[in-house]
Amino acid sequence: MRTPVEEGIPVAIEEEEADSAAGSACGNSAGPEETGGARWQRDSEDRYRASFDQAAVGILHTSLEGRILKCNECFAGIVGYSPEELVGSNFQEITPPEDRDSGKSAAMHLLSGEVSSASFEKRYLRRDGSLTWVTLTISIQHDDEGRPQFFLTLVQDINARKQAEELLAAAQEALRVSEERYRTAFQMSLDSINLNRVSDGIYVECNKAFLETTGYTREEVIGHGSIELNIWEDPADRGRLVEMLHRQGVCRNFEARFRKKNGEVFWGLMSASVIELEGVPCILSIARDISDVKTAQDEIRHLAFYDPLTELPNRRLLLERLRQTVTASKRSGRQRALLFIDLDNFKNLNDTLGHAVGDLLLKEVGERLTGCIRAVDTAARVGGDEFVVILEDLGRTSEEAAAQAGNVAEKILASITQPYLLAGRECRSTASMGITVFGDRNESSSAILQQADIAMYQAKAAGREAIRFFAPELQSAVNARAALEGELRQGIRNREFELWYQPQVDGGRVVGAEALLRWNHPRRGVLLPAEFISLAEETGLIVALGNQVLEDACRQLAVWAQRAETASLSVAVNVSPRQFRQADFADRVLAVVETTGANPRSLELEITESLLVEDMEETIAIMNALRSRGLRLSLDDFGTGYSSLAYLKRLPLDRLKIDGSFVRDILADATSRAIAHAIIWLSREMHLPLLAEGVETEAQRDCLAGFGCHVYQGYLFGAPVPVEQFQLLLDGVREEEGSGAEAAPWI
Ligand code: C2E
Ligand code: CA
Ligand code: CA
């Protein structure tokens with residue numbers, strides 16, 4: 001690019017170029033022969049050269065035609081060449097075509113003398129092809145005669161500034177767009193948005209959704225306050241919001257109830273933050289109507305925690321409240337009480353009058369309960385006819401609390417026993433109630449419930465329509481019961497149960513035996529059914545136990561069938577209601593009979609009257625299925641149950657067993673005697689064979705015989721004994737019979 005200097009190039013420059021080359025080769029070449037003026041000139045030229053080279057701006061000398069005569073390192077750096085490469089070329093070669101005119105017009109203004117210097121921005125094309133922004137300041141250098149010599153151009157790199165400017169422009173554009181977007185979002189949002197002053201709630205701005213939701217016009221809102229418009233259902237909510245904003249600056253998911261212009265109230269979910277508008281703090285709040293969500297939530301909550309029939313809390317909610325109460329009572333030092341209420345004979349009413357009437361009764365009981373307690377207390381329905389009441393904040397001592405709870409319980413009982421008018425019928429109901437006071441000891445909610453439940457059972461045992469308090473002494477009974485259940489399970493697995501046999505006598509002859517269950521407890525010896533049957537019933541273990549009993553009894557029958565002397569004996573087996581109600585009860589019994597090879601005609605199943613209350617048709621069907629295979633069925637404990645004699649006719653029965661309690665009192669008590677007499681008469685009328693249980697004395701037997709009953713079971717003839725002893729007894733009788741001796745006392 002280095003080309004020889006051509007026409008129009010100032011001499012001074014040529015000299016300078018030569019000097020510069022010589023200077024750089026020989027150091028300071030200024031000789032002593034120089035004149036003062038020449039030295040000055042040389043000094044000034046030296047200074048110029050130094051500043052030219054070291055300048056932080058680009059310096060360029062261009063011919064009037066635009067050829068680059070000279071440039072410094074800085075300029076060369078700006079465009080990415082070396083100075084040597086540039087000298088001789090035309091500056092337009094390193095100017096992008098779009099920017100060439102600005103240079104030309106500036107040159108013309110300068111050459112015409114209109115201006116002495118021109119300044120403008122342009123871009124250069126760098127060697128690597130990129131563009132770079134510069135500001136040029138151009139002036140014309142003249143010779144001594146005033147003729148234009150060359151252009152002196154100062155070049156400043158302004159890329160950083162340009163970039164900043166571009167960024168700023170981009171940012172401004174973005175801001176404009178986002179502002180627009182913001183404005184659109186504000187107006188179009190489905191959520192209601194408003195701006196109101198923190199100090200007084202005066203609305204400054206609001207969107208369409210806000211107006212639609214609240215029902216106001218824009219004019220009614222802007223310039224008016226939320227309190228004035230009565231928008232907060234509870235104005236204290238605004239106070240809470242402001243307080244929260246004060247603390248945290250923002251507030252999310254604030255739930256509150258708002259009032260529309262027409263007075264309608266709705267639930268809103270609100271997010272808010274504080275922003276300053278011209279120095280005034282305002283609340284920007286965005287709210288959404290969540291009434292539907294709330295309604296759905298409430299419904300779900302209601303379904304999950306309330307009993308649909310009585311609208312009272314259900315068991316789940318009760319347990320939750322109880323948990324809270326237990327914690328609260330520890331804090332407050334005040335005692336609480338839990339009442340367990342069970343309606344007496346509800347099943348009976350349900351069965352005789354129907355479920356619809358039963359439901360009406362339960363509803364009414366729920367209402368009466370609620371009427372007897374304070375708002376802070378809880379009444380819940382926890383089962384079919386079971387209710388629980390929690391009494392809060394009673395006295396500080398257990399005695400005081402017990403007295404208070406006792407008063408409430410009396411009030412409840414009195415209320416429940418008032419007559420009911422259900423579907424046009426007057427009905428009556430009573431209840432048994434268990435109470436436990438808590439707050440002193442460290443009890444769990446389930447323990448508290450269990451205590452009240454136990455006390456309730458005590459009330460039932462005391463003859464119903466009664467109230468009983470749980471006493472801590474009973475706790476040991478609770479524990480023992482739990483232990484017994486474990487032992488019962490194990491006992492069934494280990495086959496610790498055994499059948500004892502008690503003779504049944506007809507006309508002086510042993511015709512059969514009732515199989516009675518005994519538990520050979522590993523520690524406690526032989527246990528009677530009273531100790532474990534009800535627990536087995538409650539826990540359902542009776543099913544497994546009952547199966548063992550059936551198997552054992554059938555096996556015994558099969559054994560006895562082998563010997564002529566015992567072949568005709570029948571065995572009566574007790575069947576508990578829970579066992580009988582198993583879906584496949586009849587099939588199971590028949591399968592056992594089949595596998596053991598017992599004669600079904602020798603097997604008698606004893607059922608009780610309680611079975612007949614529940615589902616009589618089903619009971620009859622099962623009984624028929626069994627009888628059709630030869631089994632016999634008897635009704636145990638007759639006279640103690642529901643005693644509706646009408647159903648007796650419909651039942652496929654083979655025998656009635658008159659309950660031992662009538663036999664026991666048959667001589668002492670006229671009523672018992674009358675009942676026994678009536679039952680015996682009835683059985684004869686209905687052609688139903690009869691057996692009297694619990695015959696202990698000859699006087700009792702004679703009385704029964706006088707009424708016409710000749711089949712007995714009782715200590716008079718023999719107590720229940722293990723099977724070997726039972727056989728010995730039979731053998732003894734035979735021997736005695738064979739020896740012609742008097743009959744054994746039990747015959
Ligand atoms: P239950 O069926 O009424 O049995 C008669 C009960 O009266 C037996 O009591 C028997 O020992 C007792 N007893 C017999 N003769 C006399 C007497 O002359 N005087 C007195 N005071 N009592 C007499 P046990 O064996 O204690 O059985 C009690 C109850 O346990 C039975 O009453 C029955 O309901 C039930 N039970 C017994 N074994 C079983 C069984 O295998 N399964 C089921 N589900 N229950 C059974
Ligand atoms: Ca029995
Ligand atoms: Ca009985």
Side-chain angles (χ1 to χ4, degrees), residues 495 497-520 525-529 548-575 589 592-593 596-606 630-634 636 654-658 660 663 689-702 704-705 709-747:
R495 290 244 169 204
F497 293 87
E498 182 188 349
L499 287 179
W500 285 19
Y501 293 86
Q502 183 177 33
Q504 297 178 326
V505 176
D506 185 355
R509 279 179 52 82
V510 176
V511 290
E514 177 173 5
L516 292 159
L517 197 55
R518 299 292 181 265
W519 181 3
N520 296 315
V526 177
L527 300 185
L528 293 174
Q548 286 191 4
V549 167
L550 263 172
E551 276 171 30
D552 287 357
C554 286
R555 226 174 272 127
Q556 193 57 57
L557 273 176
V559 170
W560 280 342
Q562 308 291 316
R563 286 176 60 195
E565 315 84 74
T566 50
S568 63
L569 288 176
S570 66
V571 169
V573 168
N574 293 284
V575 174
V589 174
V592 171
V593 170
T596 52
N599 179 359
R601 287 173 205 288
S602 304
L603 184 62
E604 179 176 318
L605 300 183
E606 295 191 2
L631 276 85
R632 287 185 297 147
L633 289 158
S634 62
D636 203 0
D654 298 280
R655 159 138 87 180
L656 287 184
K657 291 186 82 175
I658 182 169
V663 175
L690 187 76
L691 178 149
E693 293 187 299
V695 184
E696 294 182 0
T697 65
E698 292 186 23
Q700 288 168 344
R701 181 198 55 188
D702 294 343
L704 288 162
C709 173
H710 304 285
V711 186
Y712 315 112
Q713 182 184 334
Y715 295 163
L716 177 64
F717 310 97
V721 286
V723 69
E724 305 79 33
Q725 280 184 48
F726 183 81
Q727 277 166 184
L728 284 177
L729 277 172
L730 288 178
D731 292 346
V733 173
R734 250 202 4 263
E735 271 164 26
E736 280 169 27
E737 274 174 350
S739 67
E742 232 184 274
W746 42 271
I747 295 182

- Task: Kindly give the heavy-atom pair with the smallest separation between A561 and A567, and that separation in Å.
- Result: O-CB, 3.9 Å

- W560: partners by ring-ring contact (aromatic ring centres under 6.0 Å, His included), with sequence neighbours left out: Y501, F726

- Message: Within the structure provided, determine whether L550 and T596 are in side-chain contact (heavy-atom separation under 4.5 Å).
- Response: no

- Query: Looking at CD of Q556 and CD of Q727, how far apart are the two atoms once the value is rounded to the nearest 0.5 Å?
  - Reply: 6.0 Å

- Taking all non-hydrogen atoms of both residues into account, name the closest pair between D636 and E606 and its distance. OD2-OE1, 3.0 Å

- Message: Going by the rule side-chain contact (heavy atoms from CB on, under 4.5 Å), which residues pair with T697 if we only count those two or more places apart in sequence or in a different chain?
- Response: A699, Q700

- Task: Flag the pair V723 / L499 as yes when at least one side-chain heavy-atom distance between them is below 4.5 Å, and no otherwise.
- Result: no

- Closest approach of H710 to A705 (non-hydrogen atoms, all atoms of both residues): CE1-O, 3.7 Å

- Message: Show the nearest heavy-atom pair for residues Q502 and Q713, with the distance to one decimal.
- Response: OE1-NE2, 2.7 Å

- Query: Does the side-chain contact (heavy atoms from CB on, under 4.5 Å) test come out yes or no for E698 and L716, once each step is laid out?
  - Reply: CA-CA 7 Å; E698 292 186 23; L716 177 64; 3.8 Å; yes

- Task: Side-chain contact test, heavy atoms from C-beta onward, threshold under 4.5 Å: evaluate it for W500 versus Q725 and give yes or no.
- Result: no

- Query: Do the side chains of L569 and L730 get nearer than 4.5 Å, heavy atoms only?
  - Reply: yes

- Nearest-0.5 Å distance that lies between atom CD in E693 and atom CD in E514: 6.0 Å

- Item | Flag, side chain of D654 to backbone of S634, donor-acceptor distance under 3.5 Å | no

- How about R518 and P529: do any of their side-chain heavy atoms sit closer than 4.5 Å? yes

- Item | Shortest non-hydrogen separation from L557 to N599 and the atoms involved | CD1-O, 4.3 Å

- Message: How close do V592 and E551 get, counting heavy atoms only, and between which atoms?
- Response: CG1-CA, 3.7 Å

- Query: Only one of L516, N520, V526 forms a side chain to side chain contact (heavy atoms under 4.5 Å, CB included) with E498, so which one is it?
  - Reply: N520

- Query: Going by heavy atoms in the side chains, are L691 and L656 under 4.5 Å from each other?
  - Reply: no

- Using a strict cut-off of less than 4.0 Å between a Lys/Arg side-chain nitrogen and an Asp/Glu carboxylate oxygen, indicate whether R495 and D552 qualify as a salt bridge. yes

